[in-house]
Structures are given as structure tokens and as C-alpha cells.
Amino acid sequence: MGSSKWAFVVLCWFGLLNVSATNVYIVYMGERSNLESPELIEETHIQILSNLFESKEAARSSILYSYKHGFSGFAAVLSQSQANMIAEFPEVIRVIKHRILNLHTTRSWDFLQLKSSIEDGILSRGQKGEGVIIGVLDTGIWPESESFKDHGMGEVPSRWRGVCQGGEKFNLSNCNRKIIGARWYIKGYEAESGKLNTSDVVEFLSPRDAVGHGTHTSSTAAGALVENASFVGLAQGLARGGAPAAHLAMYKVCWATGDCSSADLLAAFDDAIFDGVDVLSVSLGSSPPLDTYVEDALAIGSFHAVAKGITVVCSAGNSGPYPETVINTAPWLISVAASTIDRAFPTVVTLGNNKTIMGQALYTGRYVDKFYKVVYGEDIASSDSNEEKARSCDVGSLNTTLAKGKIVLCFLSRRQRSSIVAAHTVLAVGGVGLILMQFPTRDVPAFYDVPFVQVDYEAGTSVLAYIHSTRDAVVKFSHTKTTVGRLTSPDVAFFSSRGPSSLSPSILKPDIAAPGVSILASWSPAASNSPAIANAPHTPLYFNVESGTSMACPHISAIVVLLKSIHPTWSPAALKSALVTTASVKDKYGEKLVAEGAPYKQADPFDYGGGHVNPNNAANPGLIFDMGISDHVSFLCSMGYNDSSISLMTKRHNKCGNSSKLLQPNLNLPSISIPQLKNNLTVSRTVTNVGPVNSTFKARVKSPPGVAVKVKPSILSFNSEVKKLKFDVVFHSKLRRQGTYSFGSISWLDGIHVVRIPLIVRTVIDNYFSNS
Ligand SMILES: *[C@@H]1O[C@H](CO)[C@@H](O)[C@H](O)[C@H]1NC(C)=O
Ligand SMILES: *[C@@H]1O[C@H](CO)[C@@H](O)[C@H](O)[C@H]1NC(C)=O
Ligand SMILES: *[C@@H]1O[C@H](CO)[C@@H](O)[C@H](O)[C@H]1NC(C)=O
Ligand SMILES: *[C@@H]1O[C@H](CO)[C@@H](O)[C@H](O)[C@H]1NC(C)=O
Ligand SMILES: *[C@@H]1O[C@H](CO)[C@@H](O)[C@H](O)[C@H]1NC(C)=O
Ligand SMILES: *[C@@H]1O[C@H](CO)[C@@H](O)[C@H](O)[C@H]1NC(C)=O
Ligand SMILES: *[C@@H]1O[C@H](CO)[C@@H](O)[C@H](O)[C@H]1NC(C)=O
Ligand SMILES: *[C@@H]1O[C@H](CO)[C@@H](O)[C@H](O)[C@H]1NC(C)=O
Ligand SMILES: *[C@@H]1O[C@H](CO)[C@@H](O)[C@H](O)[C@H]1NC(C)=O
């Protein structure tokens, strides 16, 4: 959704030109006092604003939201000078300018070995998530979908305080024992972007989903079992959510443009904390450069949720394979990278010389089993474009006369990386199909009316050689098939955003990888189904195949639900630790996982954090790296944020004080990341035994190349008295080099469990710059 970023840039520019312009601001006031009622808190918000407006009424009408459940604050339409004045109030932590966030757009569960037939698997032990409530912050939900039927669902938990908020084509009857809550938030969006005109774009002013994304993510997390689901006959099988017995609450914060307002997002967090969700699944985020943790609505909202024991799971972003692109990097979040699953959609392409090549496509329909003329984009450039653009089938680059009725071969280039753009271009000039050449990836975009076959450079190069070897080059596409289980997998998907975190490199991000490529799940039939079919009639889609870290996030949310059913008292940090320390770094054949990109490479923690999720092992991790909110406060202090700001964020901790001396790598995470190792550094961790009472663990160290690592003590013995033990890790740089990152691990072994944490170290030289 690149266009919205531009919209945001334009808005800011406009703001600069017009000094009296108003904008949405979030006035954040930190942890709310438990002594005050929500009504009283709202009253204080109006009081503060009344100082800036002529009347109390004017103040009241400028408020979009009062945040008064999970934390205190409000969103209001203010001028720059009013915002500056409000920032001076002692109760105000920070005034944050509104931001636009974007979406990160069934076999996957069996692939994770969550088949319900596995008796002692996490799915049966976790009772399929019965009684647990997942909140999803997304584009809404299509309540009539088969995935949201409530047959066999348990009663709505009595602790639930949420509502089923009505609106356009959505009323109380759309909620049931599966969808137990639904709310929608548009005030922030409309205050910034103007009224949403539903005659321009299909959208519902209600929790109803017009995009498909929210229906897809929520059915992935907690959809009921649906037999024989498929996307136009492909990927056919049983579709079900990871925690099919869990309840769902939808908080619609994103709209048909793909944009989500930070003021709306924060209101959703506030309500979700009040309503009583157990897990929040958030498949969206803002694009880099990253806001500081005290200015980022998602970080603030999730901080308060985690403080209340709610685990917040986020997508890591779709800006890979480039380093430092990961977003949602706060240490209290679980940030999820996307991996491929063991399903593929091979398609045979036959050239006129009878040679065949293999490609991948998600397509059934017209123009198959018949030879068509094939041309290379560069050879049919439109005279008002250029060859370089035509090579990648960039917008408007092809000559209609020369392309009509033909199949076009396109190369994705650095400048034009979008297969959707290429498909649009080819269709616009009357092409009957395209062969898209790009680096090897298993992410295949779904187009269901256009033959769209993706090939790697090797196969593409042979097609090109063939085209140039004859005057009458023709190709034929066969029908796409679905194959399962034959490929080694998982691989980290090329689009998955990579670490290190550009905001806090001592916090490893992403945390973990989960399936996010070609995921089949429910869809909104109101959504425009395929972006490439501009002139084809609208066919409603009830299931769709989608890729993105957006799809990976709800997989982890569901597994957290199952873990929470088994271990109801575990903190968000403990649940994350269980996931990360048991994640796999090898596939079922014992081969190290790889990461897509250019080129393929062995995957490292910047691709997948602890590794690829292994749900059954996560239920029984042996040791956990636990943390409470005070540890996160110490971390914020160490980030150098204003002392008094942080103390207001959580009233239980008065001052940063000594904790500001926290060495960031000492935050008790299930990973150790040292972005600047000069000579020696000692880092400590504390582990809690959650396995058998009498357990003895031995350390196994794999040092990062160029670094000596010692663990002290190297044996940890637990008994009925000793539940927690601290250990030190001493790092010594052997390199006199301004280094790149290198990777290792520490595993604690007791004969049953392998508790593995990744080590990430970059060696640096003292005075590197002053010496040169
Ligand atoms: C809710 O909407 C349905 C149609 O979608 C309608 O049949 C029903 O009467 C409505 N119920 C209420 C309580 O308004
Ligand atoms: C909404 O869009 C339609 C069609 O583009 C237009 O006729 C109408 O005036 C718009 N309404 C508003 C409130 O802007
Ligand atoms: C399953 O779906 C396919 C394609 O949509 C259809 O042909 C078939 O009859 C369905 N089978 C059952 C058992 O519903
Ligand atoms: C391709 O194969 C078909 C049937 O196998 C054969 O009739 C035809 O002559 C072959 N064409 C070429 C160019 O080899
Ligand atoms: C497209 O190609 C035809 C045939 O070569 C040519 O006559 C025409 O000028 C071209 N048009 C453009 C816009 O390139
Ligand atoms: C920290 O915030 C307080 C209250 O907002 C302010 O008075 C103080 O000047 C700030 N300190 C720094 C160093 O910014
Ligand atoms: C801060 O650290 C000093 C020295 O390390 C110690 O004496 C003091 O008690 C600490 N203060 C608090 C509030 O922990
Ligand atoms: C750093 O560690 C190495 C190896 O453990 C040791 O030989 C050396 O003396 C240490 N240096 C310092 C300055 O502590
Ligand atoms: C743990 O070890 C102690 C001492 O050896 C023993 O008394 C106790 O029964 C053991 N507990 C369990 C649960 O095995």
C-alpha cells in the first residue's frame, strides 16, 4: 500500500505550508489511576482542553477519543500551537502527532504438526483454545463466513466486557459465541483523511470487512473447521484456524484504502484492555523511520496491554530482504517473520520447441493448454516509454499493437519489483498471460483469471533465448497443480522484513518465524478479488490465498492462545520465551533453514529470530526467560527517554534511578544481541525452571565466529527450593576488525529439553573513526 505513505508525506508538507492547519494529535498521559472512574478521567481530559478553547463545548467537540481504560490520554484535532501548549501540562507525558499505519499484506496448520489427531499435541492439550479470547486489530470481519460459525463453541466467558457495536450491515445478530465482540474506529482516520465516501470505494461504516484482510487474519487465528475450502479449486482441503475453539473480538481500525490511523489504533487498544482479551493480534504497522517507543501508538498501546498480562503479537513487516527493515520492535511485543510452507503450485510451461520449464502459478482458467505467441517486454516497448521500463512491464511501458493477444515475458527489476504492476500492464495492453522472471521465491501472487506464471532467472533466461531464436515463438501453459510436502521447507520468505532493529539493535527482532506464504483462509466477498482483473466481472471470493507477515502473525497469536490454555499463569514474556527457545533452526531432514532473497542463504536470527515456530515443543520449554513490566521500564530508561515521562507511563515505578544504568543487552530476553563488542563484555540472564522440579541443565555454546563465549556457571541445578538461577555470558572479541554481525547460540540441555537462545555479536574497534 505504497500510495498511502505518499499521502502522509503530502499531508505533512501541507502542514508546513499552512501554519494554522489542524491535525490529529494524541495526548498521552500514561497509566491511569485505578482510583478514578473512566468518567472522571474523561472529565480531566476535557478540563485540560478547556484551557485552550473558548468553551467547554468546543473542547468537548475537538476530542475524538478519551483513552480511559488501559491508560489515560486523548486524541483531539488541534493546531500546532495548541499542541505545543498542551505539552506543557504537567500531567501530559507527550503530545504525539498522528501517524498512518498500513496492513502487512490451510495446510499451514498441519505443516506445523497441529493436526487435531495428534493426541498429546498442543492442540488437544490446549483444548483448541477453549475459553480464550483473541482480539484482532484489522479491517473488520465477514461474519457470515463458514469460519465464524459457532457450532460447538463454549459460552461467552462471563468476564467478557466487550460489545457488538452495530453499524452499516452489521448488528447484534452478527455476533455469536465465536465472534463475541466487534467494534469500529474511524474518527482519527476521517479527521486526517476526510470523510470516507462509500460511493467511491466499497466500505462499510461498521465492523464488516470490505477488504478481506481482517477476515483472513481472524479466521487464520481462530476460524472454525471448514471442509473442502479452496481458492478456485487450488489449495483445496480443510481450512481451520490455529485455535478453532477460541473466541474472537474484532477491532476494525483499518479502512478500504489500506490505511489505519494511530489515534484509532490506540482507542482499540484501550477498549481491548477493558473488554478482557487475552491475546491481541496486530497485522499492521508504520513504515521506517521508526518512531521512538514513547511516540509510537502501537508501542504505547501494547505496553499497557502487556502490563495487564495481554500478549501482543505483531507482523514484522514486508520490506525484506533488506537488512534493518523490521518494524514493531518493542521488546514487549512478539514480532513475527513469514516463512514458506511445504505447498507449491507448479505449472508446466511448454515452449514451441517442445522444451518444458517449471514455473509456479495460482491460476486456473482461460488460455491454458493452447499455444500463444510469446514476446519479451523489452522488444515491444511503447515509443513513449523506454526499454528498461518495458523489460519489467512497468506501467504504460508496452505497445498495445505488439502485445495484444500474446503472452509477455517480464523481468522484475530493482526499480519495478511488483508482480501486480506487471500483471496490470500486460492486461492493459490486451496480453493473454505473462511469464514473470524473478529471483527464486515460493511466494506466488494470486490471480485467478490471468495466466501468470512465475519462473526463476534460469528458466526465464531459457525462455528468452528461445524467443530470440525464432520468428514464431509460442508457449503453452498447463493447468496449475497443488503439491504438498515434497519440498524442503520452511524458508524465510523474501518479503519478510529483516533485523537488526534500526531503533534498538540490542533487542533481537524479529522474534520468530511462522507460515506466511500462500495461506488459504476466509475472505470478504465484498472485496475486489483480484487486483489484476480490471475489466473482468466481479466474482465474490469466500476464501483466498494470501502472503505476508500479516498472515504469519495470526499463526503465532493462535499458538499463544493454546499455550495460554495450558499455562494460564504465564506472563507475556514467558510465553514469548517458550516460543523462541523451542523454535527450529533446521527442517525435518536436519537441514539448516534458508532465507529467500538475493541469493538464497542460510537463515540467521535477523531473518527468523529464534527460528521457525515449533508449537508442540513450546508447550514444554523446560526453562523460561521471564520478565515483568519493571524490566521493560528499565529498558525504556536505558533508551534515554525522559525520566519523568517513563515514570508517568507506569505509576508503580517512580524513577528510572539506578535502572537507567541497565545495560541493554541485559534485558532478560531469550536472545543476546551485542551491537558493539569492543573487548570483553559480560551479560547476564535469569532462567526459571518450568520442567521437572529436580532438573540439571548443561550449557552448550556455539560461539559466533571471531568471538570467544564462556557461560558461567555452565551447569544449572534446580530443585524444590531453587526455581530461578542466574548465569553470566562472557564475550571476548578476538577480532581487531570493524566487524559485521556474526551469530552463535547457547543451548541448555537436560536430556529432555533443548533451551536455545541465539547470540548476535558485532565486533567494533575502539576509535575506529578517529584513527582513520
Ligand atoms: C440485523 O440485520 C439482519 C439482516 O442482516 C436483520 O434481518 C435483523 O432483523 C437485524 N436485527 C436487528 C436486531 O436489527
Ligand atoms: C461521493 O462520491 C460520489 C461519486 O464519486 C460523489 O458523487 C459524491 O458527491 C461524493 N460524496 C461526498 C459526500 O463527497
Ligand atoms: C469440493 O469443492 C469442489 C470444488 O469447489 C467441488 O467440485 C466438490 O464437489 C466439493 N466436494 C464436496 C464434498 O463438497
Ligand atoms: C514436438 O512434439 C510433438 C509431439 O510429441 C511433435 O509432433 C512435434 O514435431 C515436436 N516439435 C518439435 C519442434 O520438435
Ligand atoms: C506500436 O507499434 C506499432 C507497430 O510497430 C507502431 O505503428 C506504433 O506507432 C507503436 N505505438 C506506440 C505508442 O509505440
Ligand atoms: C522531561 O519532561 C519533563 C515534563 O514533561 C520536563 O519538565 C523536562 O524538561 C523534560 N526533560 C528533558 C531532559 O527533556
Ligand atoms: C543505586 O545504586 C547505588 C550504588 O550502586 C546504591 O547504593 C543505591 O542503593 C541504589 N539506589 C537504589 C534506589 O536502588
Ligand atoms: C577478556 O577475556 C579474555 C578471555 O576470556 C581474557 O584473556 C582477557 O584477560 C580479558 N580482558 C579483559 C580486559 O578483561
Ligand atoms: C527431588 O530431589 C530431592 C532430593 O534428592 C528428593 O527428596 C525429592 O523427592 C525429589 N523430588 C522429585 C519431585 O523428584
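Numbering of ligands and ligand atoms starts at 1, following listing order. Remember, it's a predicted structure, so these values are computed and weren't measured experimentally.
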Query raised in the report: Relative to the heavy atoms of Ser173, which atoms of ligand 1 are at a distance of less than 4.0 Å?
Result: 1 (C)
Query - Cationic tip of Arg700 above Trp748 ring, under 6.0 Å, 45° of axis - result: no
Query raised in the report: Hey, does the Lys NZ or Arg CZ of Lys187 hover above the aromatic six-ring of Tyr185, less than 6.0 Å from the centre and inside 45° of the axis?
Result: no
Protein heavy atom at shortest distance from [atom]:
atom	answer
atom 2 (O) of ligand 1	Asn171 ND2, 2.3 Å
atom 14 (O) of ligand 5	Ser383 N, 2.7 Å
atom 6 (C) of ligand 5	Asn399 ND2, 4.1 Å

Report task. Can you establish whether the number of heavy atoms outside Lys723 located under 6.0 Å from its atom NZ is more than 12? Result -> yes
Report task. Decide, yes or no, whether a salt bridge links Asp271 with Arg183 under the criterion of side-chain N to carboxylate O below 4.0 Å. Result -> yes
Query raised in the report: Got a salt bridge between Glu144 and Lys169, using NZ or NE/NH1/NH2 to carboxylate O under 4.0 Å?
Result: no
Query - atom 4 (C) of ligand 1 touched by protein heavy atom at under 4.0 Å - result: no
**Report entry** Heavy atom of protein inside 4.0 Å of atom 9 (O) of ligand 9, strictly below
**Finding:** no
Report task. Check each atom of ligand 9 against the heavy atoms of Asn694 and keep those under 4.0 Å away; list them by number with element. Result -> 1 (C), 2 (O), 3 (C), 8 (C), 10 (C), 11 (N), 12 (C), 14 (O)
Query raised in the report: Atom OH of Tyr466 and atom CD1 of Ile357: how far apart are they, to the nearest 0.5 Å?
Result: 11.5 Å
**Report entry** Ligand-side contact atoms (ligand 5) for residue partner Ser382, heavy atom cut-off under 4.0 Å
**Finding:** 13 (C), 14 (O)
